[in-house]
There are 2 protein chains.
Amino acid sequence: MNIGEIARRAGVSRSTVSYALSGKRPVSEDTRRKIQHVIDELGYRPNASARALANGRTNTIGLVFPPAGNHYTGMQLDFIGSVVEAAAAQDYDVLLSPSGVDSDRSFQRMLGERRVDGAILMEIRLEDDRVDHLAALDFPSVAIGRSAHPEGTWWVGLDHTALAAACVHHLADLGHRRVAFVNRPEQLLRTGYESAHRGLDGFTKAAAERGLTVRTYCCGDDAASGQACLEQILHDDPATTALVTLNEAALGGLYRGLTQAGRHVPRDFSVTGVVAGRWAETVTPQLTAADVPAEEMGRRAVDLLVERLDHPDAPPRHHLLTPPISLRASTGPGPGPGLPSSIESR
Amino acid sequence: MNIGEIARRAGVSRSTVSYALSGKRPVSEDTRRKIQHVIDELGYRPNASARALANGRTNTIGLVFPPAGNHYTGMQLDFIGSVVEAAAAQDYDVLLSPSGVDSDRSFQRMLGERRVDGAILMEIRLEDDRVDHLAALDFPSVAIGRSAHPEGTWWVGLDHTALAAACVHHLADLGHRRVAFVNRPEQLLRTGYESAHRGLDGFTKAAAERGLTVRTYCCGDDAASGQACLEQILHDDPATTALVTLNEAALGGLYRGLTQAGRHVPRDFSVTGVVAGRWAETVTPQLTAADVPAEEMGRRAVDLLVERLDHPDAPPRHHLLTPPISLRASTGPGPGPGLPSSIESR
DNA sequence: CACTTCACGCGAACCGGTTCGATGACCGGC
DNA sequence: GCCGGTCATCGAACCGGTTCGCGTGAAGTG
């Protein structure tokens, strides 16, 4: 059931069948019908490997994301889902590679063995050897996230700095003066994860600007860690009245910790941060937060990649998104109106 | 940078390079070193398409899961993650196909074009044309889930009937008499999703056995639907004191609904069901539930598939799992001790 | 020293497509 | 009636590996 078989049964040559299928050269209506008939009858589909070998394109894109280690977050799920769907819409398949660094076996397989035409990278670090490696190879790729030096590369990212700052301003406007920041796990911060770094940065700067008293924490990606983290926060400074988090997996645990400490959200304590919308709506009270538009980001990444594949010489493009804060129910007035930072900060 | 280039530089023939790499025929230590040296120097990796074409194996497995539609559940995420990792451990890549039925373009691409050596199917329906199709083709595949007639096929599944029944017995033992069942969305039930059907079945039978008064509901896969569903439950029968759910995405909404109705969990109302452990621990109070061992299931599915690929004539195997109920904090005593069903049920 | 044995390496064919140059049939124009 | 030009089709080469059968030189044997 290969192209030769089809050609034989249709009484034509292999090349004619190929042209009939691809339309790259004219084929008479008559023979086209004959060929199509045989194909339908036998349910023939051209072999992907042979085709890829011949024309150098696999019609597959690679999706590179770090190994679960322990957990994936809901946001990662949303990215994966949206990338797969957007790719399918453009007739691309998606090959998954659980690689954190460019020396991973899986990463090498995907690229070195030319299994994919291009790649989408997730969980970008500020200094990311995968990004550098691909750039050096001039291998078509798009990052979901933005490294320290994104110039000249393709990416779609979130303005974590601005987002975290927006959360701070929101809380400061409500009169909160002592605010905690709950980051992703320390190991991620240490290895330079973009969102963890830029988020922390934006938080710190904005807090300084508003003269807030802050403490920052790293927290494991699970409910138990979130609960423990919250206990630590209240232990370190019982006067804390609000927190900003990037860690959606810990959110349930943070809430539980607050409940157990007898703090009512939002009456006694405000919670906000940057998380995927559907997770923000799962908790009670629903989280006032900057909703990560994971679906849009995945789709845009695929679109950029396909554009880059179709136009190898196109200049680099990117999208930097800054979704607004969705007001829900987890933030409320703080102890008092904000004071000029010059007074409060000394 | 192909095998011919390596051969030229090492001063040997292409076949010798191939044998040196595969070890399928002896190569002298001397030439092997020469070849390896050239390969290391050039960073050569054999082209996957060419290799697949020549020996008929892609070293890729397909993971078939239904399109997101609106949402993926956390459980699906866990499956995907564990499958990818288990596959990577066995040096297989994973190709994602968002296909619900065998006529999907993506499904056809994967199989018809021979992009994968075998497939893992998720979200099985009782009558599943994908399963039937693959069985008819004798295409190596493993289902995560069990269709109505699983004899002679390979699968790893959860005993949803027993699990739902266990939840009922747990509640009945606590003295609950009026219990609601919150299923996955109606559309899934209608199209014959295994878990929705078998779960409903197990619930209904066990409830009848224990003489409970029950109502069953379908509920969308999101928090808002969960909240609405709970309101409906209390509206239909305010005396309801417990519920069993298969719908982890709705869980947060169910809890919220209870809170807003002034019912305290577990004092006034008990909640249990079948969900992934990490989600059960996210909500407050933590959910007493049968934890879906998604990680184990994904791993086992890959192991089965690889076994089947390595031994094409091996007899069908399967794993039916029945994880125990993890006692957490969401269930408590009902209105009174259970009465003999003969009395209660009339 | 001639004869087998063996280890090693080579060349050619093959996997199933795509693509290029060539060929032949048919057409209209002069 | 011959010529130039289309149009449809064919054959062969190629993509980059794998694999089979065979040849060759060195080592072992009587």
Side-chain angles (χ1 to χ4, degrees), chain A residues 1-39 42-60 91 93 108-117, chain B residues 1-39 42-60 91 93 108-117:
Chain A
M1 53 289 319
N2 55 26
I3 202 174
E5 182 69 12
I6 303 296
R8 216 175 46 68
R9 300 215 189 193
V12 299
S13 74
R14 303 197 305 150
S15 48
T16 302
V17 175
S18 179
Y19 286 126
L21 249 30
S22 69
K24 294 196 178 172
R25 275 199 195 175
V27 170
S28 76
E29 193 48 39
D30 233 41
T31 44
R32 182 193 306 282
R33 256 200 306 274
K34 251 188 324 200
I35 292 172
Q36 193 57 50
H37 183 247
V38 175
I39 287 180
L42 270 62
Y44 164 78
R45 308 220 70 191
N47 180 301
S49 302
R51 199 208 292 260
L53 176 58
N55 67 16
R57 295 201 45 166
T58 60
N59 259 272
T60 302
D91 268 315
D93 284 332
Q108 291 299 333
R109 281 166 56 89
M110 239 180 52
L111 301 179
E113 305 183 2
R114 314 219 81 82
R115 281 174 200 268
V116 300
D117 295 335
Chain B
M1 49 324 277
N2 56 25
I3 202 175
E5 181 69 12
I6 303 297
R8 216 175 47 66
R9 300 215 189 191
V12 299
S13 74
R14 301 198 306 149
S15 49
T16 302
V17 175
S18 178
Y19 286 125
L21 249 30
S22 69
K24 294 196 178 172
R25 277 197 193 176
V27 170
S28 77
E29 193 47 39
D30 234 41
T31 45
R32 182 192 307 281
R33 256 202 306 275
K34 251 190 322 200
I35 292 172
Q36 192 58 51
H37 182 247
V38 175
I39 287 180
L42 270 63
Y44 164 78
R45 307 219 71 191
N47 180 301
S49 302
R51 201 210 292 262
L53 177 58
N55 67 17
R57 295 201 44 164
T58 60
N59 259 272
T60 302
D91 268 316
D93 284 332
Q108 292 298 334
R109 281 166 57 89
M110 238 180 53
L111 301 180
E113 304 182 2
R114 314 219 81 81
R115 281 174 200 268
V116 299
D117 295 334

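Every chain is numbered from 1, with letters handed out A, B, ... down the list of sequences.
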Below the 4.0 Å mark, does C:dC8 have OP1 or OP2 next to a side-chain nitrogen or oxygen of B:T31?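 Checking B:T31 against C:dC8: no side-chain N or O falls below 4.0 Å of OP1 or OP2.
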
Is any side-chain heavy atom of [X] closer than 4.5 Å to a side-chain heavy atom of [Y]?
X      : Y      : answer
A:N47  : A:N2   : no
B:N59  : B:R51  : no
A:L21  : A:I39  : yes
A:H37  : A:R33  : no
A:L111 : A:Q108 : no

Starting from the first five and the last five pairs of the helix from C:dC1-D:dG30 to C:dC30-D:dG1, work out the angle between the resulting helix axes, to 10 degrees.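 One end's axis against the other's: 60°.
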
Let me have a per-nucleotide readout for nucleotides 13-21 of chain D, 5' to 3', with B, S or -, counting only protein heavy atoms under 4.0 Å. B-BBBBBBB

What contact category does B:S13 fall into here, base, sugar-phosphate, or nothing, at under 4.0 angstrom with non-hydrogen atoms?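 Base contact.
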
Calculate, to the nearest 0.5 Å, the distance between atoms CZ and CZ belonging to A:R109 and B:R45 respectively.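 Going from CZ on A:R109 over to CZ on B:R45, the span is 8.0 Å.
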
Check B:Y44 against B:M1 and note the closest heavy-atom contact, atom names and distance.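 Heavy atoms of B:Y44 and B:M1 come nearest at CD1-O, 3.5 Å.
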
Where do B:S18 and B:I3 come nearest, in terms of heavy atoms and distance?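 For B:S18 versus B:I3, the nearest heavy atoms are N-CD1, 3.9 Å.
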
